[in-house]
Amino acid sequence: MTNVNRCAWCGDDPLYVAYHDEEWGVPCHDDRKLFEFVTLEGAQAGLSWITILRKRENYRRAFSDFDAHAIARYGERDVARLLADAGIIRNRLKIAATITNAQAFLDIQESFGSFDAYLWRFVDGRPIRNKWRKLADIPAETEIARTLSADMRKRGFKFFGPTICYAHMQAVGMVDDHVVGCYRHGRC
């Protein structure tokens with residue numbers, strides 16, 4: 001599908017195009033996948049998303065395929081192992097945040113039955129379908145993202161401010177921010 005209109009942000013990198021076409025904006029209700037995006041979005045802070053996409057398989061390997069139960073038990077040996085892993089972003093604060101976030105994630109699962117149930121209640125269980133005309137129209141954060149971010153931070157999450165939270169909402173399909181001219185707009 002090379003002759004279709006896409007959101008300009010994905011460019012022509014095959015990895016980025018596949019992410020745009022197959023994942024971004026598609027509603028996700030799988031807790032492990034939701035935790036994967038919490039982790040990857042936190043790792044992305046200050047970096048480009050394509051950098052994280054290129055390291056995604058390494059993250060899966062390094063972080064127990066995003067098994068929150070396993071990650072929540074990581075100790076100093078695991079942190080040392082991760083800091084030595086050139087396949088991921090070797091930032092001590094981001095690694096520690098992933099462990100803390102796994103623990104907070106499990107607490108939410110226990111309280112709400114699933115992370116999915118917790119997360120999607122912020123959009124009444126249905127994706128918000130925006131009608132942005134151009135990339136510049138898409139906000140970096142919204143009131144819902146600020147509310148969700150504040151609630152998650154109150155529950156112990158790290159590296160999950162409003163901008164990261166909104167990117168997460170877009171990634172997991174809570175928000176459809178494909179621009180109107182994009183072939184994926186309204187199809188997720």
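- At a threshold of 4.5 Å between side-chain heavy atoms, the hydrophobic network of Ile, Leu, Val, Met, Phe, Trp and Tyr places I71 and F37 in one connected group.
- Note: the hydrophobic cluster containing Y19 also contains L34 (ILVMFWY, side chain heavy atoms under 4.5 Å, direct or indirect links).
- Among residues two or more places apart in sequence or in another chain, the ring-ring contact (aromatic ring centres under 6.0 Å, His included) test is passed with H168 by F160.
- The shortest heavy-atom contact between P27 and C188 is CD-O, 3.1 Å.
- When side chains are defined from C-beta on, L148 counts as touching L119, because their heavy atoms get closer than 4.5 Å.
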Output, in order, the C-alpha distance, side-chain angles, deciding distance and verdict of side chain to side chain contact (heavy atoms under 4.5 Å, CB included) for I164 and E41. CA-CA 6 Å; I164 290 173; E41 295 291 352; 3.7 Å; yes
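- At a threshold of 4.5 Å between non-hydrogen side-chain atoms, the residues Q44 and T51 do not count as touching.
- Residues that satisfy the side chain to side chain contact (heavy atoms under 4.5 Å, CB included) test with A70, not counting sequence neighbours, are S64, D67, R73.
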For a quick test of your reading: what N or O donor-acceptor pairs under 3.5 Å do the side chains of residues 134-145 make, sequence neighbours left out?
unit_1: K134; atom_1: NZ; unit_2: D137; atom_2: OD1; d: 3.2
unit_1: D137; atom_1: OD2; unit_2: R133; atom_2: N; d: 3.3
unit_1: D137; atom_1: OD2; unit_2: K134; atom_2: N; d: 3.2
unit_1: E141; atom_1: OE1; unit_2: T163; atom_2: OG1; d: 3.3
unit_1: E141; atom_1: OE2; unit_2: R146; atom_2: NH1; d: 2.9
unit_1: T142; atom_1: OG1; unit_2: A145; atom_2: N; d: 3.2
unit_1: E143; atom_1: OE1; unit_2: R146; atom_2: NE; d: 3.4
unit_1: E143; atom_1: OE1; unit_2: R146; atom_2: NH2; d: 3.2

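- Of all non-hydrogen atoms in G186 and D176, the two that sit nearest each other are N-OD2, 3.0 Å.
- No donor-acceptor distance shorter than 3.5 angstrom exists from the side chain of N130 to the backbone of D177, with no hydrogens or angles considered.
- The line from CZ of F122 to OG of S149 is 10.0 Å long, rounded to the nearest 0.5 Å.
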Going through the checks in order, is the side chain to side chain contact (heavy atoms under 4.5 Å, CB included) test met by D13 and R54? CA-CA 11 Å; D13 182 292; R54 289 180 180 140; 2.7 Å; yes
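- Ring orientation note: the planes of Y59 and F66 are close to parallel, at an angle under 30° on the 30°/60° scale.
- The side-chain hydrogen bond (donor to acceptor under 3.5 Å, both in side chains) test with H178 is passed by exactly one of R6, Q170, H185, H20: H20.
- Listed here is the closest heavy atom pair of N91 and L93: OD1-N, 2.9 Å.
- Cluster membership check: Y183 does not share its hydrophobic cluster with W24, using side-chain heavy-atom separations under 4.5 Å among Ile, Leu, Val, Met, Phe, Trp and Tyr.
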Under 3.5 Å donor-acceptor pairs involving side-chain atoms of residues 99-112, not counting sequence neighbours:
unit_1: T100; atom_1: OG1; unit_2: A96; atom_2: O; d: 3.1
unit_1: N101; atom_1: OD1; unit_2: K158; atom_2: N; d: 2.7
unit_1: N101; atom_1: ND2; unit_2: A97; atom_2: O; d: 3.3
unit_1: N101; atom_1: ND2; unit_2: K158; atom_2: O; d: 3.0
unit_1: Q103; atom_1: NE2; unit_2: A72; atom_2: O; d: 3.0
unit_1: Q109; atom_1: NE2; unit_2: D31; atom_2: OD2; d: 2.7
unit_1: S111; atom_1: OG; unit_2: D107; atom_2: O; d: 3.1

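- V17 and W49 fall into different hydrophobic clusters, where Ile, Leu, Val, Met, Phe, Trp and Tyr residues are linked whenever their side-chain heavy atoms come under 4.5 Å apart, directly or through other members.
- Looking at R184, its side chain does come within 3.5 Å of a backbone N or O of D21 through a donor-acceptor pair.
- With hydrophobic clusters built from ILVMFWY side chains whose heavy atoms lie under 4.5 angstrom apart, F159 does not share a cluster with V172.
- Between the OG1 atom in T98 and the CZ atom in F157 there is a gap of 11.0 Å [rounded to 0.5 Å].
- Under the 4.5 Å side-chain criterion, counting only non-hydrogen atoms from C-beta, K94 is in contact with L47.
- Sorted by first and then second residue, the side chain to side chain donor-acceptor pair (under 3.5 Å) pairs involving residues 119-128 (not counting sequence neighbours) are D116-W120.
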Under the side chain to side chain contact (heavy atoms under 4.5 Å, CB included) rule, what do D151 and K154 come out as? Steps first, then yes or no, please. CA-CA 5 Å; D151 192 71; K154 181 178 78 181; 3.4 Å; yes
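- Counting heavy atoms from C-beta outward, I52 and R56 have side chains that stay 4.5 Å or more apart.
- Scanning for side chain to side chain contact (heavy atoms under 4.5 Å, CB included) contacts around R81 gives A62, Y74, D78, with sequence neighbours left out.
- For the pair Y118 and R155, the minimum side-chain heavy-atom distance is below 4.5 Å.
- R32 places a side-chain N or O within 3.5 Å of a backbone atom of D65 that can act as its donor or acceptor partner.
- If you take SG on C182 and CH2 on W9, they are separated by 8.5 Å, rounding to the nearest 0.5 Å.
- Counting only heavy atoms from C-beta outward, the side chains of K131 and V180 approach each other to under 4.5 Å.
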